[in-house]
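Before any comments, here is the structure.
Sequence lines set the chain letters: A, B, ... in the order given, protein chains first and strands last, and positions in each chain run from 1. We use all heavy atoms of the structure for the numbers below, so side chains are in, but hydrogens, waters and symmetry mates are not.
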Protein chains: 2
Amino acid sequence: MATRPIPLHSDPQSGPGAIEPIALTSLAEEAFVKLVQVITSGRYLPGQRLSESELARQLGISRGPLREALGRLEGRLVMRTPRIGIRVIDFRPEEVSQLFIVREALEGMAARLAAEHMTTSELAALGDLLEEHGRQQDISPGQAYHQGVGDDDFHFAIIKGARCEQLERLLLDGLYYQLRLHRLRASAQPGRAKEAFGEHREILAALLSRSPDAAEGCMRRHIRNARLNALSSIQASAASPRETRRQQRSY
Amino acid sequence: MATRPIPLHSDPQSGPGAIEPIALTSLAEEAFVKLVQVITSGRYLPGQRLSESELARQLGISRGPLREALGRLEGRLVMRTPRIGIRVIDFRPEEVSQLFIVREALEGMAARLAAEHMTTSELAALGDLLEEHGRQQDISPGQAYHQGVGDDDFHFAIIKGARCEQLERLLLDGLYYQLRLHRLRASAQPGRAKEAFGEHREILAALLSRSPDAAEGCMRRHIRNARLNALSSIQASAASPRETRRQQRSY
DNA sequence: AAACCCAAAACTGTTGACAGTCGTCAGTAT
DNA sequence: ATACTGACGACTGTCAACAGTTTTGGGTTT
């Protein structure tokens, strides 16, 4: 299986003297990782109700650890109704917008900090990453870039570069799971990929110039544009009720 | 006992059609609220190890719900070590600083949104609140204001006024618990109260002028100052090793 | 006296089971 | 045919108990 013990950000040289190489992973932790994988993979429809017993049986564990994992996912990827059960979170357009607003605030700050804290070698690696993205974009133009992991890699690198564990935790453990889930349903507007790529280059330039203000400004503009794009995309899909809008609310 | 079913922000008119008046509270939920109350009240020392069995016995519940509640507090108010147990979170100076940095990002955005979304009556109420604070400050000058609930009330009102549930959740469910815990140990510098009060008035003025940029700028400056004050306060207490620094690490 | 080793106690992680509640559906009345 | 009532089934919330590990304390050795 080879599941990572720590959900997303597993940097070995985090704290100065923090040595915890052998991360004894509990069943609850493993269940948490598996659940994130499964839910963000789009296997279940938004709003779909999930059975604890069924999940526990499928994961091969008891309901105790599973409930702990679900408790951690509550409000992020699943919703709980007291005596009813759990269901996959179902984003309303307003909630998606708020997701981007929070991202704008946090990642803007991350870019500001990254402009001060990222090493030159890290910045060089980020430049290489962008070049690679540019080549991929030439080959397969369209919406693959903005939705794919390429976009995430760029933002991850900057979040890491901020050297702020609290920021990392909030963004990577909370928001990015939800964002990934949202992307499964919403398709980016055509042309957005090229735009996003250009904005990434602007951000990199601001980082290279070591200007916190410019870095934060560029990042916030980038995410604000992504939000507006997501919103118009949602409205478009709501206007043409294809299969996207069908939600299985079983209650 | 009259425990509130929802931890902090229990506004009755939140969503447009969100009706959930009868909140069937589970034992895990109650345990969560109680644990937040107890830990943020400073009953346990930072770093102190807690026994699950002992807590369960004191709360009069089984270990199942308690473990769920502890799982939700993990990374916020308690730290877990896989086969060892849980202990009250112990802030290093850098983590306190990061707390304020995240606050600066999120509350700055909240102020921006509040400048657009708060009603005139809400702004009037906020003005009354500040006036009240001014009178209390005249009576009892010093650090009571900045550390007390008065400061929180002001910020709460603005966070509410942003009309952004995601922002609310992150700030109120996560950061403010930690902030309260930090304040138990760190004493604000003298004179900071007056400064903070003046900054609050600036923020209110920006909100009244309906200027998002000014509101965000004032709020961020306010929180940045609070961070610098907290840091110098920590360094001062570290230089004079009084009882503040004694930590009971039982491992 | 200090360091080491070993056994007992305590604790965490996990499991299976039980009670109360909710959703569903057949049956009946209108 | 439609609406209401009751019981059945499934599920959530909760608890007590079990296995493996960690900590602690005493006893022994150097």
Side-chain angles (χ1 to χ4, degrees), chain A residues 1 3 5-7 19-35 44 47-75 77-89 247-251, chain B residues 1 3 5-7 19-35 44 47-75 77-89 247-251:
Chain A
M1 303 217 185
T3 57
I6 291 173
I19 39 172
E20 292 184 280
I22 22 174
L24 259 303
T25 159
S26 65
L27 285 190
E29 184 70 30
E30 281 189 43
F32 177 82
V33 176
K34 278 270 175 78
L35 283 178
Y44 302 110
Q48 178 174 357
R49 187 155 160 233
L50 301 179
S51 160
E52 289 185 1
S53 330
E54 179 70 19
L55 281 178
R57 204 177 322 135
Q58 288 182 0
L59 289 172
I61 60 174
S62 175
R63 278 180 51 222
L66 177 70
R67 280 178 63 89
E68 279 187 51
L70 287 175
R72 271 206 264 169
L73 258 60
E74 185 175 350
L77 288 182
V78 303
M79 297 290 290
R80 254 188 153 140
T81 323
R83 295 266 167 188
I84 307 296
I86 58 168
R87 51 184 208 276
V88 179
I89 201 168
Q247 287 161 8
Q248 178 175 334
R249 298 185 196 247
S250 58
Y251 70 102
Chain B
M1 300 221 188
T3 58
I6 291 169
I19 40 173
E20 290 186 282
I22 23 176
L24 260 303
T25 159
S26 65
L27 284 188
E29 183 71 30
E30 282 189 43
F32 177 81
V33 176
K34 279 272 176 74
L35 282 177
Y44 303 109
Q48 178 172 356
R49 187 159 159 227
L50 301 179
S51 159
E52 287 187 1
S53 330
E54 180 69 18
L55 281 178
R57 204 178 322 134
Q58 289 183 0
L59 289 172
I61 61 175
S62 174
R63 278 178 52 220
L66 177 70
R67 279 178 63 89
E68 279 189 50
L70 287 174
R72 272 205 265 169
L73 258 62
E74 185 175 351
L77 290 182
V78 304
M79 297 292 289
R80 255 187 152 138
T81 322
R83 295 266 169 189
I84 307 296
I86 58 167
R87 52 185 209 274
V88 179
I89 201 168
Q247 285 160 10
Q248 178 175 335
R249 297 185 198 247
S250 55
Y251 70 103

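If you check every strand for non-hydrogen atoms under 4.0 Å, Ser51(A) touches sugar and phosphate atoms only. Residue contacts for Leu50(A): at a heavy-atom cut-off of 4.0 Å it reaches the sugar-phosphate backbone alone, with no base atom in range. Within 4.0 Å (heavy atoms only), Gly85(A) reaches sugar-phosphate atoms of the nucleic acid but no base atom.
With respect to Arg72(A) and Glu29(A), a salt bridge is recorded, a charged nitrogen being found less than 4.0 Å from a carboxylate O.
The nucleotide whose nearest atom lies closest to any side-chain atom of Arg67(A) is, among dT14(D), dT22(D), dC11(C), dT14(D). Here the side chain of Ile84(B) is nearest to one of dT23(D), dG16(C), dT14(D), namely dT23(D). Considering only side-chain atoms of Arg49(A), the nucleotide from dG13(C), dC11(D), dC22(C) that sits closest is dC11(D). Looking at the side chain of Pro65(B), the nearest of the listed nucleotides dC15(D), dT14(C), dT12(D) is dC15(D). Considering only side-chain atoms of Ile61(B), the nucleotide from dG13(C), dT15(C), dC15(D) that sits closest is dC15(D). Of the candidates dT14(D), dT22(D), dT15(C), the closest approach to any side-chain atom of Arg63(A) belongs to dT14(D).
A donor atom on one side chain and an acceptor atom on the other are found under 3.5 Å apart for Arg87(B) and Thr81(B).
The distance from atom CG of Leu59(B) to atom C1' of dC15(D) is 15 Å, rounded to the nearest whole Å. Distance CD (Glu68(B)) to P (dG13(C)): 14 Å, rounded to an integer number of Å. Atom CZ of Arg57(B) and atom P of dC11(C) are 8 Å apart (whole Å). Atom pair Leu55(A):CG and dG13(D):P shows a separation of 13 Å (rounding to whole Å applied). Between the CZ atom of Arg80(B) and the C1' atom of dT22(D) there is a distance of 16 Å, given to the nearest Å. The interatomic distance linking Glu74(B) (CD) with dT12(C) (P) rounds to 14 Å, in whole Å. Here dT15(C) presents its P atom at 14 Å from CD of Glu52(A), a figure rounded to the nearest Å. Protein atom CZ of Arg83(A) is 12 Å distant from nucleotide atom P of dT12(D), rounded to whole Å.
Going from atom CG of Leu50(A) over to atom CD1 of Ile86(A) covers 4.5 Å, rounded to the nearest 0.5 Å. Atom CD of Glu52(B) sits about 10.5 Å away from atom OG of Ser62(B), to the nearest 0.5 Å.
OP1 or OP2 of dT12(C) has at least one side-chain nitrogen or oxygen of Ser53(B) nearer than 4.0 Å.
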**Message:** Please determine whether side chain to side chain contact (heavy atoms under 4.5 Å, CB included) holds for the pair Glu68(A) and Arg67(B), giving the CA-CA distance in whole Å, both sets of side-chain angles, and the decisive distance to 0.1 Å.
**Reply:** CA-CA 7 Å; Glu68(A) 279 187 51; Arg67(B) 279 178 63 89; 2.8 Å; yes

